[in-house]
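Read the structure below first, then the notes.
Chain letters run A, B, ... following the sequence lines, proteins first and then strands; every chain starts at 1. Predicted model only: the values in this text are computed from it and were never measured.
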Protein chains: 2
Amino acid sequence: MKHVYEYPRAALTVDCVVFGFDGGELKLLLIERGLAPFKGCWALPGGFVRVDETLDQAALRELEEETGLEKVFLEQLYTFSSVDRDPRERVISVAYYALTKLADHRTRAATDAADAQWFPIPDVPSLAFDHADILTTAIQRLRGKLRYEPIGFELLPAKFTLSQLQQLYEAVLGTELDKRNFRKKVLGFDLLIPLNETHREGAHRPAQLFRFDPVRYGKLKKKGFLFEL
Amino acid sequence: MKHVYEYPRAALTVDCVVFGFDGGELKLLLIERGLAPFKGCWALPGGFVRVDETLDQAALRELEEETGLEKVFLEQLYTFSSVDRDPRERVISVAYYALTKLADHRTRAATDAADAQWFPIPDVPSLAFDHADILTTAIQRLRGKLRYEPIGFELLPAKFTLSQLQQLYEAVLGTELDKRNFRKKVLGFDLLIPLNETHREGAHRPAQLFRFDPVRYGKLKKKGFLFEL
DNA sequence: CCAAAAGTGTTCGCGTTACACCCATGT
DNA sequence: ACATGGGTGTAACGCGAACACTTTTGG
């Protein structure tokens with residue numbers, strides 16, 4: 001392929017803000033950099049975009065290479081372009097955020113990438129490059145999206161209880177929610193299918209398990225339905 | 001500046017979806033391409049990003065160069081990266097959307113750029129590259145943002161009437177709104193300052209003019225206030 | 001005096017909120 | 001039996017939706 005415009009070009013990277021939820025708090029997946037610059041620092045997983053792949057593909061590829069994660073929910077966040085965001089040269093980075101079912105991936109991520117680690121959001125160390133800015137943007141976006149699109153389920157196991165769902169919303173939004181009102185509203189959408197299973201844990205009554213019905217959501221959405229919590 | 005990673009690089013462009021509102025309908029600013037590819041086609045204003053400028057700067061610069069527009073509201077939209085979106089070579093484009101006060105700029109844009117023209121959204125011709133996709137994304141974003149952030153004022157003159165504001169909302173959202181309810185709600189926010197001026201036009205009662213108070217909005221926003229229509 | 005848009009209040013219904021007790025289980 | 005989280009209904013309130021007439025101007 002011929003290069004028509006022979007001006008110096010910025011390099012292009014993708015960086016991924018990977019969220020997980022472990023039943024109590026929101027977590028972030030970071031990798032420890034093995035190379036300069038910022039050697040030894042924690043950073044968002046990511047890397048250079050190849051000339052023959054889309055940004056989505058690059059993000060998925062980097063995620064798999066660096067953390068072992070596959071088939072996660074992934075959405076473009078924002079493109080960061082401060083001139084000095086990389087000390088080496090001009091690098092523009094397209095940020096993504098990913099939502100993962102922590103329970104499914106915890107072990108794999110830990111083994112595949114020895115230098116990958118989950119941090120509770122409040123305990124996130126200082127980050128390389130402008131990754132702290134990216135993280136801030138991602139958290140804002142997650143909060144916003146969670147309120148009017150059913151993406152929270154991407155952070156929960158396929159089968160979950162209403163309490164888990166509520167805890168997730170409380171953790172991400174940073175508010176307390178009324179149990180009865182929350183259940184009434186969520187179940188009113190008719191998007192959760194009760195399973196013939198219960199979740200047993202600890203010395204108390206077992207909880208009904210549900211799964212989210214994405215097909216039904218797709219239909220409702222087309223009719224102008226708005227998921228809003 | 002040294003190039004550390006000597007792999008082939010995609011070229012980077014910015015493209016701007018420029019909206020205007022003329023008191024009845026939403027319009028889009030396009031330029032006619034003078035060069036191949038898509039010579040003679042209509043396209044979004046935009047161009048290549050220089051290695052020493054941010055994306056925001058590039059968007060503002062291109063807008064000024066190609067359309068004469070300055071000091072418009074500008075916000076990053078999405079980054080488009082289909083491998084074949086440009087027939088020449090790999091080009092990744094960061095799209096922006098801009099909101100302009102049509103009344104202020106109509107003449108300038110027409111004179112500075114002979115090949116720039118405003119189109120009502122329904123009459124937009126077929127566009128070069130993947131610009132139709134970009135436009136679709138921009139319209140969705142505009143609709144979404146308009147409902148929960150006070151960006152509509154960017155499309156109106158500094159002094160405007162409540163009817164103009166309502167028409168804007170109706171045009172963008174594609175719905176009819178109740179006049180009394182609309183006024184009640186908007187004025188209830190206490191973000192519009194009534195001026196000692198009226199808007200006279202045609203054979204009817206003159207309308208009260210208002211201006212938006214961005215400072216007050218900033219304060220309210222910090223306190224968790226949500227502008228929502 | 002007529003046309004055309006500006007401006008103004010009230011009622012009704014539904015959705016959000018607030019709130020407390022019993023249930024099923026494990027130890 | 002007791003500790004722990006699961007599960008349930010109702011009443012008050014507030015906000016959004018529906019709705020029609022008077023006012024001011026120019027022609």
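In this structure, the NE2 atom of B:H199 is 9 Å from the P atom of C:dA6, given to the nearest Å. In this structure, CZ of B:F210 is placed 12 Å from P of C:dA6, rounded to the nearest angstrom. Atom CG of A:L177 is separated from atom C1' of C:dC19 by 16 Å (rounded to the nearest Å). Rounding to whole angstrom units, CG of residue A:N181 and P of D:dG7 are separated by 16 Å. Rounded to a whole Å, the CG atom of A:L187 is 12 Å from the P atom of D:dG9. Atom CZ of A:R147 is separated from atom C1' of C:dT16 by 13 Å (rounded to the nearest Å). In this structure, CZ of A:R205 is placed 16 Å from C1' of D:dA3, rounded to the nearest angstrom. The CD-C1' distance, from A:E176 to C:dC19, rounds to 15 Å in whole Å.
Distance alone, capped at 3.5 Å, is enough to place a donor-acceptor pair between the A:Q164 side chain and the A:T161 backbone. Proximity of a side-chain donor or acceptor of B:T54 to a complementary backbone N or O of B:Q57 within less than 3.5 Å is detected. Of the possible polar contacts, none joining the B:R211 side chain to the B:L195 backbone as a donor-acceptor pair under 3.5 Å is found. At distances below 3.5 Å, at least one donor-acceptor pair connects side-chain atoms of A:K101 with backbone N or O atoms of A:L156.
Side-chain atoms of A:K185 and base atoms of C:dG15 include no donor and acceptor less than 3.5 Å apart. At a cut-off of 3.5 angstrom, the base of C:dA6 holds no donor-acceptor pair with the side chain of B:R200. In terms of polar N and O atoms assigned as donor or acceptor, the side chain of A:K184 never comes within less than 3.5 Å of the base of C:dT16 in a complementary pairing.
Between B:R180 and B:A207, it is B:A207 whose nearest contact on DNA chain C lies nearer the 5' terminus. For the pair A:D178 and A:P206, nearest-nucleotide mapping onto DNA chain D gives the more 5' position to A:P206.
Closest approach to the A:H204 side chain among C:dA20, D:dT4, C:dA6 is made by D:dT4 (side chain taken as heavy atoms from C-beta onward).
Counting non-hydrogen atoms of other residues, nucleotides and ligands closer than 6.0 Å to CZ of B:R147 gives a total of 12 or fewer.
Residue-level contact check: A:S163 touches the backbone only, with heavy atoms under 4.0 Å from sugar-phosphate atoms and none from bases. Residue-level contact check: A:Q208 touches the backbone only, with heavy atoms under 4.0 Å from sugar-phosphate atoms and none from bases. Among the protein residues, B:R183 comes within range of the nucleic acid bases, having at least one heavy atom under 4.0 Å from a base atom.
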